[in-house]
Amino acid sequence: MGRKDDREGFWLSENSDRRRIRDAEQARKNRAEINKALSHGQVSRRDLVKWGLFTSAGLMAPIGGLSPFVRPMNAQTSSFSFGTRSGGSGIPTGLPSSPLFGVLPFTQPMPRFDVFQRNPVSSLSPAPQAQANQTQQPLDPALVGGQTGLTGPIEGRPPGAIWAHQRFAQNPPVIGIDASTSPATTNTTYNPQVPSSLNSGINPATPIPLKFHPSMPTQQPNSVWTFNGTIPPKLMLGRYGEPILFRHHNRLPADVTQNNGFGRNTLSTHEHNGHHGAENDGFTGAYFFPNQFYDYHYPFVLAGFTTINATATDPKAGSPNGSGGINKVPGDWHETMSTHWFHDHMFSFTAQNVYKGDAGMLNIYSALDRGNEAINDGVNLRLPSGTTLDWGNLDYDVNLMFSDKAWDSNGQLNMDIFQFDGFLGDRMTVNLAYKPFFQVERRKYRFRMLNASVSRFFVFALSDSSTMVQIANDGNLLPQTVPLNQLDQMGIAERFDIVIDFSRYTIGQTVDLVNLQEHRDGKGPGQILTVSGALSGSSSDPAVGACLRFQVVRDPAVPDQSICPNTPITLIPNPDLSKIPIARTRQFVFDNNANQTQNDPVTSYTGGGNWGIATENTGGSRFSRGGSALKADFGRISSAPKFGTREVWILKGGFNWDHPIHIHFEEGQILARNGSFSNVPQAERGRKDVYRLKEDGTVTITMQFRDWGGMFMEHCHNTMHEDNAMLMRWEVNAAGGVFLNPLPTPIPKPTGVTFQAPDEILTNAF
Amino acid sequence: MQRNIWTRFIGISFLLAGALAILYSRPVLADSRWGANYFPNIELTTQDGKTVHFYDDLIKGKMVAIDLIYTTCQYSCPLETARLAQVQKMLGDRVGKDIFFYSITIDPKNDTPAVLKAYAEKFHAGPGWTFLTGKKEDIDFLSKKLGLYSDPKLSQDGHTPHLLLGNEPMGQWMRNSALDNPRFLSQMIGDFLDSFRNMKPAQGKENTESAAIHLDPGQYLFTKKCGACHTVGQGDKIGPDLVGVTDTRNRDWLMRKIQHPEQLLAERDPITMALAEKYGNVNMPNLRVSDDDANYMIGYLVSRTSELQRQAQAQNAVTKPAGGAGGMARPNQ
């Protein structure tokens, strides 16, 4: 039996006719009914076996009408199979194909992000404070299993000095942003911050129900949970030297069962990849409950601010001052960052919660990247943006969030929570809109692209294979721009900022953004197709092909003043670390079941093992493999780099997997891929915070540990992997030892956060 | 061939209609999306030889911890099982009441109910923790549905120490490592997945105390890797009390025992064989301990032993009991 036959058996492609999809849904219902009848004792197993509905093993027989993956009306030669690698059954992983309700691609405008209101911090009540606000409030009985009369703190941040905002007095919050994560509702306050002519004609005054397409069903409140409960996704605007207090309310249902099958009602929000104190990092174990808020303090400082340019004299280290000038800030301007995102980081439930909608983006503005293409002060890089505002013009600077989704027969967002090896959706969305179009003028645009998927990698090209200029990687402007006809592979959580010059097209032309990256399962990407191959529709992966259509609609109203030619130009050189000694080299192995062959003599922390991140020596032989890999118990300290030093970390991937590894806290530079700098693509030669290891690949990076202390994380950003142990905690530690001075681990409960020592207790003998 | 399938399908459709007709005559209970319509109700056999159905008898309406094991495992399973025993101890009498543990063998050929029963006893598995075997294909299917399956081609023994924690009526499921901190695992299942049903009002001090903590590397490693089976001075557990072991065994042997226990067993090392006999033939797992870490562990055994001796002497100086060594257990190795 050929591979194709194998797939035919259990893949329902986008092209499946509606009857087949209906059959599949009916099959699912039939299975459920029979199981229920059986469990209620209305029929016996023997009866079912006798009738041929059950195999003697107790499994539902592989026959049409019972399995959503078996064709009832066609000759079917392949045997029933639950997949060979992951237990999955195609795409979407573990689920039947998502119906399209007659919707055709590129029939809805792509909404621009919904910009958070920036208010004076005084608008927040109660006023934010350095230590968590422990004012008590009555607890919803549903939070404590029906108990009444209990109280808990209004803020979910762990209390006390260790979790107080670091350097709060030096960086008092100026801007207050008050937001929530809430069940799906209609948006009546859409604030795209651009005229509707630059938003494909969308009238922001028209209420926006939560739908993936206007002709698809409205999402029920607990099918989708987003910031403020609405679409489009939210955009935070920040600038260096202007601290923001992000007050995040949890307005999710207190009853954990009210989740339409997936999602956890506790939250921890990670500003990816903010250089902030650990108390604001969205530590996976510092989660907060419904009816609580958590105050995140984002000071927006340049890395190195405690040691480099500490008196703020360098104009390149600056922030737009609101009137065409620059406010100088301390720190190293080579560390300037631009495009971040923020998302849930809840222990064990990150994949479900981010997939459910808990993700937004953050643009950070600086003197170098101020979001104004006209100001010519010798510092401003004048990237495509606009000219109306002093900083933060969004006219020609567009955030794009790519994510694959799946929905059930009623159109409600759907996920198989048991696909621990990775979950793939079959429907591509951009800014949570199914395959939209976007109207552009004949000029240059900047696109801030984010891969917000659970397990899907992308490779993007334009349908005419014309040039895109990559200007930033993971939100860091590159040392040199990189013109490309096909972008590099984009792992989960990676951000690529690109510039496309639409002046080469005529009015009325369209050009599509095409995904060339095919997946067969959620463990890692499969083959990369050609543009024509991807557009042909022959891939069995429904997320391959065009996902966003650009419609060229007019000449620019005002001349394009931005600078970004189709040839390389200098943007922000990397900080020169060559003079800083390497304090330590560590090795991390991200692996499921590696055949670890040898110890690496240069490292103190090598290792292999099962799921998880091994950071210890392997004393074993080639074939010894056990449980030495550290698991995701966030109470365990794995590494503690010494404060104020630079280290080299070697990240090793595993056999048959690909892990995009995210290291919190400070940007790293890639020194080598598989041992050589020449293997590092041009577009990866800046600073980064997510590192794709590729199958069995090795990435050598260097990072500094400075400015802030506390507990941070390093993990695989395939959130299904992350949730299942591929995560460890490390701390910046003044003493530099692995075991010394670890911080107590917060244990959040509705009644308040308690602390535990990060070791394991000695138990008494039996 | 085509025709046969057709005929069969039509036949089944009639049967289905019959089955559904029965169903619709009764009120339909609301159930979680991750309930009877998701979990296979396969037949399994307990260590006591009792036949049970996975969904109906084992998980329906319960909070559960499920792992896959095999009793001849030389790698992580023994530690996994010892860890779960610690978790069980911490959860106390809730195990068997509202929380249930299931260890399902992936090697049903060898792991008969009798073998599983002996294995459970070695690890002091208490009531509410059931060891299960069944048909290989059923168990493979079940483990895929639970997200616990490991492809035997991709690992040496086709086993990964995952631990699935779930609350069936609430539809909450999470996969952890069975090697994780037992206290952490017990909180995850006992509080978090139970939606904090047994929450008490917060204690004032506990709520705000967050001083930094100092840990000794040897103690940390001992607790993490050895503490599930051994104590220092608190008596035997699954393996011997290790108080004074550094005086009775030479260092090279100790290093080998810590790093390569399976080699000593294979060589039929006399000390190892005697210990195996005494402690129920539980395989000490190879936990891939590095030289550095093994040295830290031995250092901890030395320092902890002398600390206990000092305490015992101080105690003797005060009370002068007849026994000499105070309350300290004798080395058993």
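Excluded from the calculations below are hydrogen atoms, water molecules and symmetry mates; all remaining heavy atoms, backbone and side chain alike, are included. Here is how names work: the chains are called A, B, and so on, in the same order as the sequence lines, proteins then strands, and each is numbered from 1. These numbers come from a predicted model, not from an experiment.
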Undergrad: Which atoms of F192(B) are under 4.5 Å from chain A, going by heavy atoms: the side chain, the backbone, both sets, or neither?
TA: both
Undergrad: Top residue by heavy-atom pair count (under 4.5 Å) with chain B, among T257(A), V256(A), N265(A)?
TA: V256(A)
Undergrad: For L164(B), is it the side chain, the backbone, both, or neither that has a heavy atom closer than 4.5 Å to a heavy atom of chain A?
TA: side chain
Undergrad: Checking A142(A) against chain B: side chain, backbone, both or neither under 4.5 Å from a heavy atom?
TA: backbone
Undergrad: Stepwise, does the side-chain contact (heavy atoms from CB on, under 4.5 Å) test hold for D416(A) with W34(B)?
TA: CA-CA 9 Å; D416(A) 184 345; W34(B) 310 107; 3.8 Å; yes
Undergrad: At a heavy-atom separation under 4.5 Å, does E80(B) approach chain A through its side chain, its backbone, both, or neither?
TA: neither
Undergrad: Not counting sequence neighbours, which residues clear salt bridge (charged side-chain N to carboxylate O under 4.0 Å, His left out) with R256(B)? List them please.
TA: E267(B)
Undergrad: Roughly how far, to the nearest 0.5 Å, is CG of N259(A) from CE of M170(B)?
TA: 11.0 Å
Undergrad: Of all residues at least two apart in sequence or in a different chain, which pass the salt bridge (charged side-chain N to carboxylate O under 4.0 Å, His left out) check with D191(B)?
TA: none
Undergrad: Report yes if the side chains of F196(B) and Q147(A) come closer than 4.5 Å at any heavy-atom pair, otherwise no.
TA: no
Undergrad: Nearest 0.5 angstrom please: Q172(B) CD to Q352(A) CD, how far?
TA: 7.5 Å
Undergrad: With heavy-atom distances below 4.5 Å as the criterion, would you say the side chains of M174(B) and F349(A) are in contact?
TA: yes
Undergrad: Looking at every heavy atom in both R33(B) and N260(A), which two are closest together, and how far apart are they?
TA: NH1-O, 3.1 Å
Undergrad: Sort D255(A) into side chain, backbone, both or neither according to what part of it lies under 4.5 angstrom from a heavy atom of chain B.
TA: neither
Undergrad: Is the F418(A) ring parallel, tilted or perpendicular to the F39(B) ring (thresholds 30°, 60°)?
TA: perpendicular
